[in-house]
> 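I'd like to ask you about the structure that follows.
Numbers for residues simply follow the sequence, beginning at 1.
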Amino acid sequence: MKELITIAEKIATQLIARKQTISVAESSTGGLISAALLSVPGASAYFLGGAVVYTRDARRLLMDIPDEAMKGIRSASEPYAKLLASQVRQRFSTDWGLSETGATGPTGNRYGDAAGHCCTAVAGPSQSVFTLETGSDDRQANMQEFAKTALNLLLNELSK
């Protein structure tokens, strides 16, 4: 967690300096991304909210993404990560939206992705999406790596 907090501190510095806000929609990280961002003192200046969108019902209820909007899109994909980031940004009216979706393990998901597969996206003044394949079936290690990847993706966008 310490590594995640170090990245979150850099993100916080940038968001506070810019007077910008963020919201998070995460899945297989189970709240680690939000926890890292909230661990920084003064987080209320930039973190407006987030959700663990782990199921279809959560996607419908928390993100207001109906099944019709998912036509041709599957979970744990770059298009879905982009949709989640954009939707959480819109729902919370933040400058930035950050999302993560993947398969932590020890087995793959029902969509055919192996354990260690993650897609993360940033929506904001600039956009970015990234797919990570760790090749590992270690659930906890993948959760940490997925969160780190998402936070670094956001930090990279903020640094442009």
> Let me confirm one number: the CH2-CG distance from W96 to L48, rounded to the nearest 0.5 Å.
14.5 Å
> Atom NZ of K82 and atom CD1 of I73: how far apart are they, to the nearest 0.5 Å?
10.0 Å
> Membership question, hydrophobic clusters at under 4.5 Å side-chain separation (ILVMFWY): are F146 and Y80 in the same one?
no
> Begin with the C-alpha distance, continue with both residues' side-chain angles, and end with the deciding distance and a verdict on salt bridge (Lys or Arg N to Asp or Glu O under 4.0 Å) for D64 and R59.
CA-CA 6 Å; D64 194 28; R59 184 197 75 226; over 6 Å; no
> If you round to the nearest 0.5 Å, how far is CG of L153 from CZ of F130?
8.0 Å
> Is it possible for you to say whether M63 and V122 belong to one hydrophobic cluster, with membership spreading through side-chain heavy-atom contacts below 4.5 Å?
no
> With no hydrogens and no angle check, just 3.5 Å: does a side-chain donor-acceptor pair link E100 and T29?
yes
> Do R89 and T94 get their side chains close enough for a donor-acceptor pair, meaning under 3.5 Å?
no
> Is a donor from one side chain sitting under 3.5 angstrom from an acceptor on the other, for E26 and S34?
yes
> Could you tell me the separation between the CG atom of L4 and the CD atom of E145, rounded to the nearest 0.5 Å?
9.0 Å
> Return the NZ to OG distance between K160 and S128, rounded to the nearest 0.5 Å.
5.5 Å
> L98 and F92: same hydrophobic cluster, using ILVMFWY side-chain contacts below 4.5 Å?
no
> Give a yes or no on whether a salt bridge exists between K71 and E68, defined as a side-chain N under 4.0 angstrom from a carboxylate O.
no
> Measuring from H117:NE2 to T134:OG1, what's the distance to the nearest 0.5 Å?
10.5 Å
